[in-house]
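Just so it is clear, the model here is predicted, and its values are computed rather than measured.
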Amino acid sequence: MPRHGKVNRLLPRETLIIVTVAGIIVAALGLRAFADIIAPGLLALILVIAVQPLRAKALALKAPAWLATLLTLIALYSIVAGFTLMIVLAGGHFVTVLSDYKPYLQELVDDAGYALARAGIGSTPIESALSSIDISKWIGFATSLIGGAAGLLSSATFIVILLFFVALDAGSFVEKLRWVPASGSRMASAFAIFAKGTRDYSQVSTLFGLIIALIDVAALYALDIPDPWMWGMLAFLTNYIPNIGFIIGVIPPTLIALMEHGPGTALTVVIVYSVVNFVIQTLIQPRIVGNQVGLSGTVAFLSLVFWAMIFGGIGAVLAVPLTLLVRAIFIDVVPERAWISRLISSDNSDGGQK
């Protein structure tokens, strides 16, 4: 038996680190290999968790279980249909705008080349890069990107059927957790922490996404940018992508401002979007979400890169919930690893400790 306070390691620390890293790599490759099945499954799970309070509220009001499940399914399918419609509308409109302004965009590229040449910067690599820019190719790329984004939520049959069965099982699963023996209590606690964190994150992200979108719409109206509600809808959607989502959302109105009113207005759009997102997502939102959900900016960005690499677009959208799942299983329910949770959290308080 090991002495009290000491850990009996079967492997040296260095070997254990190497084995752990190798295990993570193997797990990541496995997840990527089956991403077409696992990613929609995780999406369905997180959506069901997000709307589970609706079922609980219906049951609390003495509604029959079948009606509570039906309300859950209606909410789930409404979310999927609504997000798909918004992606198609905003993305399709952006592609149309790019097509309409294609000659002007190409003229801007050519003017940039001439300006660099007059300034004596027209080196061969730069000239080659500018001459290779074909606006038609960019329009085609944007079209394929929008199609792929819409496919995230409209891989119709599989996701619809999966949501149906996950929603049906959700109610009984909650009841089954109460009968988990002591040997499995840690995993049950991890799932409860993950579910609460996911619900808190989805609610806060939706609320602040709406606030950001409304502020952006007001700014675009003031700057006389066409279709402000369309770009506000895009800002709301991209708010679910941590850290870099607003960059995607600012591109269409910035290009339109550049083509309609010139560089000054385009720069103003960028500044407004940047300030709004910095104040709300960096200063306010972490304080509202708190340590339970908050992840440091570095961890959130790295999680975005990692999960996008594994699951593509779905991984980018679900980066924070998936990181919360990993944290709940491997960190939050292990008291000895509480210090890791503090390291990766956005909470800078001392937790009352001196």
Does I46 share a hydrophobic cluster with I74, counting links as ILVMFWY side-chain heavy atoms below 4.5 Å and allowing steps through other members? no

So which residues get pulled into L214's cluster when ILVMFWY side chains under 4.5 Å apart are joined, directly or through others? V217, Y221, W229

Under the side-chain contact (heavy atoms from CB on, under 4.5 Å) rule, collect the residues that match up with A308, sequence neighbours excluded. A316

Hey, does R199 have a side-chain heavy atom less than 4.5 Å from the side chain of I49? yes

The ring pair (Phe, Tyr, Trp, His ring centres under 6.0 Å) partners of Y240 (sequence neighbours excluded) come to F83, F236

Within the side chain of N239, is there an N or O that forms a donor-acceptor pair under 3.5 Å with the backbone of S205? yes

Evaluate the side-chain proximity of L318 to W307: yes if any heavy-atom separation is below 4.5 Å, no if none is. no

By side-chain hydrogen bond (donor to acceptor under 3.5 Å, both in side chains), which residues pair with W231, not counting sequence neighbours? none

Could you give all pairs that pass the ring pair (Phe, Tyr, Trp, His ring centres under 6.0 Å) test and reach residues 27-81, with sequence neighbours left out? none

Using side-chain heavy atoms (C-beta onward) and a distance below 4.5 Å, is F194 in contact with I329? no

Transitive ILVMFWY cluster of L59 at side-chain heavy atoms under 4.5 Å: who else is in it? none

At their closest point, which heavy atom of A50 faces which heavy atom of S202, and how far apart are they? CB-OG, 3.8 Å

Side-chain contact, heavy-atom cut-off 4.5 Å: I280 with I215? yes

Hey, does L223 have a side-chain heavy atom less than 4.5 Å from the side chain of H261? no

Would you kindly confirm whether I24 and L42 end up in one hydrophobic cluster when ILVMFWY residues are joined by side chain heavy atoms under 4.5 Å apart? no

Can you name the one residue among V269, V275, T268 that meets side-chain contact (heavy atoms from CB on, under 4.5 Å) with I271? V275

State whether the number of non-hydrogen atoms from other residues, nucleotides or ligands found under 6.0 Å of R32 atom CZ is greater than 12. no

Hey, are the side chains of L71 and R55 touching, using non-hydrogen atoms and a 4.5 Å cut-off? no

With hydrophobic residues grouped by side-chain heavy-atom distances under 4.5 Å, do V21 and L29 end up in a single group? yes

Do P263 and L267 make a side-chain contact, defined as non-hydrogen atoms from C-beta onward lying under 4.5 Å apart? no

Linking I/L/V/M/F/W/Y whenever their side-chain heavy atoms sit closer than 4.5 Å, directly or via other members, would L31 and V305 fall into one cluster? yes

The single option from L322, L324, V317 that satisfies side-chain contact (heavy atoms from CB on, under 4.5 Å) with V320 is L324

hydrophobic_cluster_shared for V326 and M309, side chain cutoff 4.5 Å: yes

I need the minimum non-hydrogen distance between P253 and G249, along with the two atoms involved. CD-O, 3.3 Å

